[in-house]
Amino acid sequence: RGQGVGELLLEYQRKVFAPRYPVIVTFVNVLNPRSYAFHTRNQFEDVGFFNFNGNKYHMMALPTPERWTDTLQQTRRVFSAPAGISAGPG
């Protein structure tokens with residue numbers, strides 16, 4: 001921890017994924033505050049919550065560098081439709 005490895009991996013992922021995907025999406029268990037802090041510190045936005053198998057997860061989204069325009073708004077629209085998903089804790 002604290003060596004910058006996560007940031008280097010994330011930057012590599014953004015470069016590799018950018019030509020094909022407009023956004024990187026990950027799910028962070030609400031019981032993992034260190035992961036949540038890492039992702040928010042690295043510009044991921046919390047776009048909602050969902051429950052799965054008795055656990056609650058944050059949906060985190062990060063636009064890739066070449067497609068920074070309206071990607072988060074598009075991601076919010078995609079994740080706002082399914083039943084059981086909310087925009088905040090609940």
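A pairwise comparison of heavy atoms in L31 and P33 identifies O-CD, 3.2 Å as the closest pair. Of all non-hydrogen atoms in N42 and F38, the two that sit nearest each other are ND2-O, 2.8 Å.
At a threshold of 4.5 Å between non-hydrogen side-chain atoms, the residues N29 and K56 do not count as touching. Here the side chains of D46 and Y36 are in contact, with some heavy-atom distance below 4.5 Å.
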Using the rule given for ring pair (Phe, Tyr, Trp, His ring centres under 6.0 Å), can you reason through H58 versus F27, listing the C-alpha separation, both sets of side-chain angles and the distance that settles it, and then say yes or no?
CA-CA 6 Å; H58 297 275; F27 309 123; over 10 Å; no
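Residues forming a side chain to side chain contact (heavy atoms under 4.5 Å, CB included) with T26 (at least two apart in sequence, or on another chain): V28, H39, F44, M60. Every ring pair (Phe, Tyr, Trp, His ring centres under 6.0 Å) that Y57 has, sequence neighbours left out, goes to F50. Not counting sequence neighbours, the partners of Y12 by the side chain to side chain contact (heavy atoms under 4.5 Å, CB included) test are V16.
Side-chain atoms of S35 do not come within 3.5 Å of backbone N or O of N32 as any donor-acceptor pair.
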